[in-house]
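Values reported hereafter were calculated over all heavy atoms of this structure, with side chains retained and with hydrogens, waters and symmetry mates removed.
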Amino acid sequence: QGLCFAGLVSLFDPPRENVSEAIAKCRMAGIKVIMVTGDHPNTAKAIGRAVGIISPGVHTADELLTSQVLSSHSKPQAIVIHGSRLTDMTDSDIEGILKNYPEIIFARTSPTQKLRIVEGCQRVGWVVAVTGDGVNDAPALRKANIGIAMGIAGTDVAKQVADMILLD
(Lines give C-alpha, C1' and ligand atoms only; values in the text may rest on other atoms or scores of the structure.)
Protein backbone atom coordinates (compact mmCIF):
# COMPACT_ATOMS: atom_id res chain seq x y z
CA GLN A 1 0.00 0.00 0.00
CA GLY A 2 2.96 2.34 0.47
CA LEU A 3 1.33 4.50 3.14
CA CYS A 4 3.21 5.77 6.16
CA PHE A 5 1.55 7.13 9.31
CA ALA A 6 2.91 10.65 9.71
CA GLY A 7 1.07 11.87 12.78
CA LEU A 8 -2.18 12.80 14.45
CA VAL A 9 -3.69 16.23 14.98
CA SER A 10 -6.25 17.14 17.60
CA LEU A 11 -8.03 20.43 18.17
CA PHE A 12 -9.50 21.75 21.39
CA ASP A 13 -11.56 24.91 21.48
CA PRO A 14 -12.50 25.41 25.13
CA PRO A 15 -15.33 27.71 26.19
CA ARG A 16 -14.31 31.09 27.53
CA GLU A 17 -13.56 30.90 31.23
CA ASN A 18 -16.40 33.22 32.30
CA VAL A 19 -19.18 31.34 30.48
CA SER A 20 -20.04 29.06 33.42
CA GLU A 21 -20.36 32.04 35.73
CA ALA A 22 -22.56 33.91 33.23
CA ILE A 23 -24.87 30.89 32.86
CA ALA A 24 -25.12 30.53 36.64
CA LYS A 25 -26.02 34.23 36.97
CA CYS A 26 -28.68 33.89 34.26
CA ARG A 27 -30.23 30.94 36.07
CA MET A 28 -30.22 32.79 39.39
CA ALA A 29 -32.07 35.62 37.63
CA GLY A 30 -34.70 33.17 36.35
CA ILE A 31 -33.43 33.05 32.76
CA LYS A 32 -33.62 29.70 30.98
CA VAL A 33 -30.46 29.14 28.95
CA ILE A 34 -30.88 26.89 25.90
CA MET A 35 -27.93 25.88 23.75
CA VAL A 36 -28.56 25.79 19.99
CA THR A 37 -25.52 24.72 18.01
CA GLY A 38 -24.31 23.14 14.82
CA ASP A 39 -21.96 20.90 16.82
CA HIS A 40 -22.34 17.13 17.05
CA PRO A 41 -24.67 16.12 19.92
CA ASN A 42 -21.87 14.47 21.92
CA THR A 43 -19.68 17.56 21.59
CA ALA A 44 -22.62 19.81 22.46
CA LYS A 45 -23.46 17.72 25.53
CA ALA A 46 -19.84 17.78 26.74
CA ILE A 47 -19.65 21.56 26.32
CA GLY A 48 -23.10 21.96 27.90
CA ARG A 49 -21.93 20.01 30.95
CA ALA A 50 -18.66 21.93 31.15
CA VAL A 51 -20.39 25.33 31.21
CA GLY A 52 -23.38 24.37 33.35
CA ILE A 53 -26.16 24.23 30.78
CA ILE A 54 -26.56 20.64 31.98
CA SER A 55 -26.15 20.68 35.76
CA PRO A 56 -23.82 18.29 37.59
CA GLY A 57 -25.56 15.01 38.37
CA VAL A 58 -28.37 15.64 35.88
CA HIS A 59 -28.93 12.90 33.32
CA THR A 60 -30.23 13.53 29.83
CA ALA A 61 -33.24 11.67 28.47
CA ASP A 62 -31.04 9.46 26.26
CA GLU A 63 -28.79 8.58 29.21
CA LEU A 64 -31.78 7.50 31.27
CA LEU A 65 -33.04 5.34 28.39
CA THR A 66 -29.73 3.51 28.07
CA SER A 67 -28.91 3.24 31.80
CA GLN A 68 -29.47 0.03 33.73
CA VAL A 69 -28.56 1.68 37.04
CA LEU A 70 -31.10 4.47 37.29
CA SER A 71 -34.64 3.93 38.49
CA SER A 72 -37.37 3.63 35.89
CA HIS A 73 -39.13 6.38 37.87
CA SER A 74 -36.37 8.90 37.14
CA LYS A 75 -37.68 11.82 35.14
CA PRO A 76 -35.10 13.35 32.80
CA GLN A 77 -34.29 16.98 33.53
CA ALA A 78 -32.17 17.52 30.43
CA ILE A 79 -32.44 16.62 26.76
CA VAL A 80 -30.19 16.84 23.71
CA ILE A 81 -32.13 17.04 20.45
CA HIS A 82 -30.41 16.30 17.12
CA GLY A 83 -31.42 18.50 14.19
CA SER A 84 -32.56 15.45 12.21
CA ARG A 85 -35.06 14.68 14.96
CA LEU A 86 -36.13 18.31 15.12
CA THR A 87 -37.00 18.19 11.42
CA ASP A 88 -39.73 15.61 12.11
CA MET A 89 -41.21 17.48 15.08
CA THR A 90 -44.38 19.52 14.99
CA ASP A 91 -44.54 22.97 16.57
CA SER A 92 -46.46 21.35 19.43
CA ASP A 93 -43.64 18.81 19.95
CA ILE A 94 -41.09 21.61 20.17
CA GLU A 95 -43.24 23.54 22.63
CA GLY A 96 -43.57 20.39 24.76
CA ILE A 97 -39.80 20.03 24.97
CA LEU A 98 -39.36 23.70 25.82
CA LYS A 99 -41.95 23.49 28.62
CA ASN A 100 -41.03 20.10 30.07
CA TYR A 101 -37.24 20.09 30.19
CA PRO A 102 -35.38 22.56 32.39
CA GLU A 103 -32.08 21.96 30.55
CA ILE A 104 -32.08 21.77 26.75
CA ILE A 105 -29.46 21.47 24.01
CA PHE A 106 -30.31 21.45 20.32
CA ALA A 107 -27.40 20.09 18.24
CA ARG A 108 -26.61 19.86 14.53
CA THR A 109 -29.20 22.52 13.81
CA SER A 110 -29.72 24.38 10.56
CA PRO A 111 -30.57 28.09 10.29
CA THR A 112 -34.23 27.17 9.68
CA GLN A 113 -34.29 24.98 12.78
CA LYS A 114 -32.74 27.75 14.89
CA LEU A 115 -35.53 30.00 13.71
CA ARG A 116 -38.18 27.38 14.61
CA ILE A 117 -36.72 27.11 18.11
CA VAL A 118 -36.89 30.90 18.59
CA GLU A 119 -40.48 30.92 17.33
CA GLY A 120 -41.35 28.05 19.68
CA CYS A 121 -39.95 29.94 22.65
CA GLN A 122 -42.00 32.97 21.66
CA ARG A 123 -45.17 30.88 21.26
CA VAL A 124 -44.85 29.65 24.85
CA GLY A 125 -44.68 33.28 25.95
CA TRP A 126 -40.98 33.76 26.54
CA VAL A 127 -38.94 36.84 25.73
CA VAL A 128 -36.10 35.48 23.60
CA ALA A 129 -32.52 36.70 23.35
CA VAL A 130 -30.28 35.05 20.77
CA THR A 131 -26.51 35.35 20.50
CA GLY A 132 -24.78 34.55 17.24
CA ASP A 133 -21.92 35.47 14.98
CA GLY A 134 -22.52 33.89 11.61
CA VAL A 135 -24.68 34.18 8.53
CA ASN A 136 -26.42 30.99 9.68
CA ASP A 137 -27.53 32.80 12.86
CA ALA A 138 -29.07 35.77 11.04
CA PRO A 139 -32.69 34.52 10.78
CA ALA A 140 -32.82 33.65 14.50
CA LEU A 141 -31.08 36.92 15.47
CA ARG A 142 -33.65 38.88 13.48
CA LYS A 143 -36.67 36.99 14.90
CA ALA A 144 -35.56 37.12 18.53
CA ASN A 145 -36.89 39.80 20.84
CA ILE A 146 -33.27 40.86 21.14
CA GLY A 147 -30.59 39.65 18.76
CA ILE A 148 -27.05 39.92 20.07
CA ALA A 149 -24.17 39.66 17.60
CA MET A 150 -20.59 38.96 18.56
CA GLY A 151 -18.71 42.02 17.36
CA ILE A 152 -15.11 40.89 17.06
CA ALA A 153 -15.68 37.50 15.43
CA GLY A 154 -19.12 38.20 13.98
CA THR A 155 -19.98 38.46 10.32
CA ASP A 156 -21.34 41.67 8.84
CA VAL A 157 -24.68 39.95 8.20
CA ALA A 158 -25.08 38.98 11.88
CA LYS A 159 -24.19 42.51 12.96
CA GLN A 160 -26.65 44.07 10.51
CA VAL A 161 -29.67 42.07 11.73
CA ALA A 162 -28.81 42.20 15.44
CA ASP A 163 -30.29 44.65 17.93
CA MET A 164 -27.05 44.75 19.91
CA ILE A 165 -23.40 44.09 19.11
CA LEU A 166 -21.01 42.91 21.81
CA LEU A 167 -17.64 44.49 21.25
CA ASP A 168 -15.67 42.40 23.76
Side-chain angles (χ1 to χ4, degrees), residues 9-27 29 31-55 60-63 78-168:
V9 175
S10 176
L11 299 175
F12 180 60
D13 184 15
R16 293 179 184 225
E17 63 182 62
N18 60 351
V19 171
S20 297
E21 182 182 343
I23 289 171
K25 285 180 180 179
C26 286
R27 287 207 169 146
I31 298 169
K32 183 171 185 165
V33 178
I34 298 173
M35 181 177 178
V36 182
T37 181
D39 288 342
H40 185 278
N42 291 340
T43 302
K45 188 187 328 182
I47 293 169
R49 285 194 189 285
V51 300
I53 290 172
I54 298 177
S55 302
T60 62
D62 63 315
E63 291 168 342
I79 191 164
V80 179
I81 301 287
H82 192 289
S84 63
R85 187 170 159 212
L86 189 60
T87 300
D88 298 330
M89 290 183 175
T90 65
D91 289 346
S92 179
D93 294 335
I94 294 170
E95 291 166 23
I97 287 168
L98 295 170
K99 291 179 194 174
N100 293 311
Y101 289 91
E103 302 178 356
I104 305 170
I105 295 174
F106 292 98
R108 284 284 195 245
T109 56
S110 70
T112 303
Q113 291 168 332
K114 290 178 184 185
L115 180 60
R116 281 189 74 203
I117 294 163
V118 170
E119 291 169 341
C121 291
Q122 290 172 331
R123 278 192 307 275
V124 298
W126 298 343
V127 174
V128 181
V130 171
T131 59
D133 60 6
V135 172
N136 61 329
D137 299 315
L141 285 166
R142 182 186 307 258
K143 182 67 176 175
N145 297 90
I146 181 164
I148 306 165
M150 304 303 173
I152 294 172
T155 62
D156 288 339
V157 172
K159 292 176 196 176
Q160 288 169 359
V161 300
D163 300 295
M164 177 189 299
I165 301 170
L166 295 180
L167 298 177
D168 184 10

Report all side-chain donor-acceptor pairs from residues 139-152 shorter than 3.5 Å, counting only partners two or more places apart or in another chain.
unit_1	atom_1	unit_2	atom_2	d
Asn145	OD1	Gln122	NE2	3.2
Asn145	OD1	Val128	N	2.8

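Atom-to-atom distance recorded for Met35:CE and Glu103:CD is 13.0 Å, nearest 0.5 angstrom. Put simply, CZ on Arg116 and OG1 on Thr112 are 9.5 Å apart, with the number rounded to the nearest 0.5 Å. To the nearest 0.5 Å, the span separating OG1 on Thr90 from CD on Glu95 amounts to 8.0 Å. Taking CG from Asp88 and CG from Asp93, the interatomic distance works out to 9.5 Å, rounded to the nearest 0.5 Å.
With contacts defined as side-chain heavy-atom distances shorter than 4.5 Å, the pair Ile104/Lys32 qualifies. No side-chain heavy atom of Ile105 sits less than 4.5 Å from a side-chain heavy atom of Arg49. Residues Lys114 and Val130 are not in side-chain contact: their nearest non-hydrogen atoms beyond the backbone lie 4.5 Å or more apart. Contact annotation: the side chain of Ile34 approaches that of Cys121 to within less than 4.5 Å [non-hydrogen atoms, C-beta and beyond].
In terms of heavy-atom proximity, Pro41 sits nearest to Arg108 at CD-CG, 4.0 Å. Here the closest heavy-atom approach between residue Ile81 and residue Met89 is recorded as CD1-CE, 3.9 Å. Closest non-hydrogen pair, Arg85 versus Ile79, comes out as NH1-CD1, 4.1 Å. Between Tyr101 and Ala61 the shortest heavy-atom distance is OH-CB, 4.2 Å.
No donor-acceptor pair under 3.5 Å is formed between the side chain of Glu21 and the backbone N or O of Asn18.
For the side chain to side chain contact (heavy atoms under 4.5 Å, CB included) test, no residue two or more places apart in sequence or in another chain qualifies with Ala50. In terms of the side chain to side chain contact (heavy atoms under 4.5 Å, CB included) criterion, residue partners of Ser84 (sequence neighbours excluded) are, by chain and number, His82. The side chain to side chain contact (heavy atoms under 4.5 Å, CB included) check on Thr87 picks up Gln113, with sequence neighbours excluded. Legend: residues meeting side chain to side chain contact (heavy atoms under 4.5 Å, CB included) with Pro15, ordered by chain and number and at least two apart, are Ile47, Val51.
Pairs engaging residues 124-135 under the side-chain hydrogen bond (donor to acceptor under 3.5 Å, both in side chains) rule: none recorded [sequence neighbours left out].
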